[in-house]
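Throughout, residue positions are numbered sequentially from 1 according to the sequence presented.
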Amino acid sequence: MEGVTKPAGPRGAPVSKLLLAIAVAVIVPTYVILRNGAWVYDDNLLLVLARSEGFSLHWLNHPIFQHWDVGMNAVYSLMVHLFPFDYRWALAAMLAGLGAAIYVFGRVILVITGRGWMSAALAAWFGFSILWIRPLQWWADGVQAIPTLLCDLICLYGFLRYQQERRARWGVASVAARAAGLLFYEKPALMPICLARVRVLLIE
């Protein structure tokens, strides 16, 4: 397949270790800086709603802030039963998701370019972006944004690997990731447009 290069075998392990190191380099200092944060008004409001509504289809399908967020509502219902659930645990969960997103982003770049140094450099740029500060400070935003981000990247990676290898498992992984992302936010609905552009601009 032209446009998408299969990374060389010997470089795979070192690049993976480098991407994981970048993810850790983002997670550790960010956790130290933000660990003294706390829940905000929206978080407390949603926890009260989750407790009063109970774990029901009505609650799961209830739009919050004009968004259909089955995944977010389910997370808040789970939190009700896990209390006391310290904000530091929530931050750790979000940072783990961000670290996974950095890793997958690096793998996407590696598949496209076949260059380990480029995937590592762009993954570092991606991970240290200021765009992730707000979701990490605001749980109600992070529980939507970070799972959606990770699922979108897995969807893209699965699509690229399917184009590369034509194995059904990658196509299934891509579709499943998009479906999971839609449980947290509606933006993954736009992924077919993104994938079509990738197909035309990079693969064709």
Quiz item: Side-chain heavy atoms under 4.5 angstrom apart, residues restricted to Ile, Leu, Val, Met, Phe, Trp, Tyr: same cluster for Trp138 and Leu34?
Solution: no

Practice problem: Assess the pair Trp170 and Phe159: is the distance between their ring centroids shorter than 6.0 Å? | Solution: no

Quiz prompt | Heavy atoms of other groups near Leu131 CG, more than 12 under 6.0 Å | solution = yes

Self-check item: Thr30 OG1 to Arg35 CZ distance, which is reported to the nearest 0.5 Å
Solution: 13.0 Å

Exercise. Measure the CG-CG distance between Leu122 and Leu110 for me, rounded to the nearest 0.5 Å.
Key: 11.0 Å

Quiz prompt | pair Phe55-Leu60: side-chain heavy atoms closer than 4.5 Å | solution = yes

Quiz item: Does the ring centre of Trp132 sit less than 6.0 Å away from the ring centre of Phe126?
Solution: yes

Quiz prompt | Considering all heavy atoms, the nearest Gly127-Ile102 contact | solution = CA-CD1, 3.5 Å

Quiz prompt | Nearest-0.5 Å distance, CD of residue Glu186 to OG1 of residue Thr148 | solution = 8.5 Å

Self-check item: Over all atoms of both residues, closest heavy-atom pair of Val80 and Ala50
Solution: CG2-CB, 3.8 Å

Practice problem: First locate atom CZ of Arg167, then atom CD of Gln163, and finally report the distance between them rounded to the nearest 0.5 Å. | Solution: 15.0 Å

Practice problem: Locate the shortest heavy-atom distance separating Trp39 from Ala90; write the atom from each residue and the value. | Solution: CH2-CB, 3.7 Å

Self-check item: Partners passing side chain to side chain contact (heavy atoms under 4.5 Å, CB included) against Ala124 (at least two apart in sequence or in another chain)
Solution: Ile22

With a cut-off of 3.5 Å and sequence neighbours excluded, list every side-chain donor-acceptor pair involving residues 177-184.
{"residue": "Arg178", "atom": "NE", "partner": "Pro188", "partner atom": "O", "Å": "3.0"}
{"residue": "Arg178", "atom": "NH2", "partner": "Ala189", "partner atom": "O", "Å": "3.4"}

Exercise. State whether a side-chain donor-acceptor pair under 3.5 Å links Arg51 with Ser77.
Key: no

Quiz item: Are Val198 and Leu190 in one and the same hydrophobic cluster, where Ile, Leu, Val, Met, Phe, Trp and Tyr link if side-chain heavy atoms are under 4.5 Å apart?
Solution: no

Quiz item: Just by distance, do the side chain of Asp69 and the backbone of Gly71 share a donor-acceptor pair under 3.5 Å?
Solution: no

Self-check item: From CA spacing to verdict: side-chain contact (heavy atoms from CB on, under 4.5 Å), Ser119, Val15
Solution: CA-CA 8 Å; Ser119 66; Val15 170; 3.7 Å; yes

Quiz prompt | Arg166 atom CZ: more than 12 heavy-atom contacts under 6.0 Å | solution = yes

Quiz item: Will you find, in the side chains of Gln164 and Arg161, an N or O donor that is under 3.5 Å from an N or O acceptor?
Solution: yes

Exercise. Scan side-chain atoms only and decide if Asp43 and Tyr76 contain a donor-acceptor pair under the 3.5 Å cut-off.
Key: yes

Quiz item: Shared ILVMFWY cluster between Tyr103 and Val28, side chains joined below 4.5 angstrom?
Solution: no

Quiz item: Would Tyr41 end up clustered with Leu47 when hydrophobic side chains under 4.5 Å apart are linked, directly or stepwise?
Solution: yes

Quiz item: Heavy atoms, side chains only, cut-off 4.5 Å: are Val172 and Val175 in contact?
Solution: no

Practice problem: Compare every heavy atom of Ala101 with every heavy atom of Leu149, then report the nearest pair and how far apart it is. | Solution: CD2-CB, 3.9 Å

Quiz item: Can you tell me how far the CG atom of Leu78 sits from the CG atom of Asn73, to the nearest 0.5 Å?
Solution: 12.5 Å

Quiz item: Do His58 and Glu53 get their side chains close enough for a donor-acceptor pair, meaning under 3.5 Å?
Solution: yes

Quiz item: So which heavy atom on Asp42 is nearest to which on Ala140, and how close?
Solution: CB-CB, 4.4 Å

Quiz prompt | Leu156 side, atom CG; Cys151 side, atom SG - distance, nearest 0.5 Å | solution = 13.0 Å

Quiz item: How far apart are the closest heavy atoms of Cys155 and Leu195, and which atoms are they?
Solution: SG-CD1, 4.1 Å

Practice problem: Answer with yes or no whether the hydrophobic clustering places Tyr31 together with Phe128; edges join I, L, V, M, F, W, Y residues whose side-chain heavy atoms lie under 4.5 Å apart. | Solution: yes

Quiz prompt | Note, Leu98 side chain near Met94 side chain (heavy atom, < 4.5 Å) | solution = no

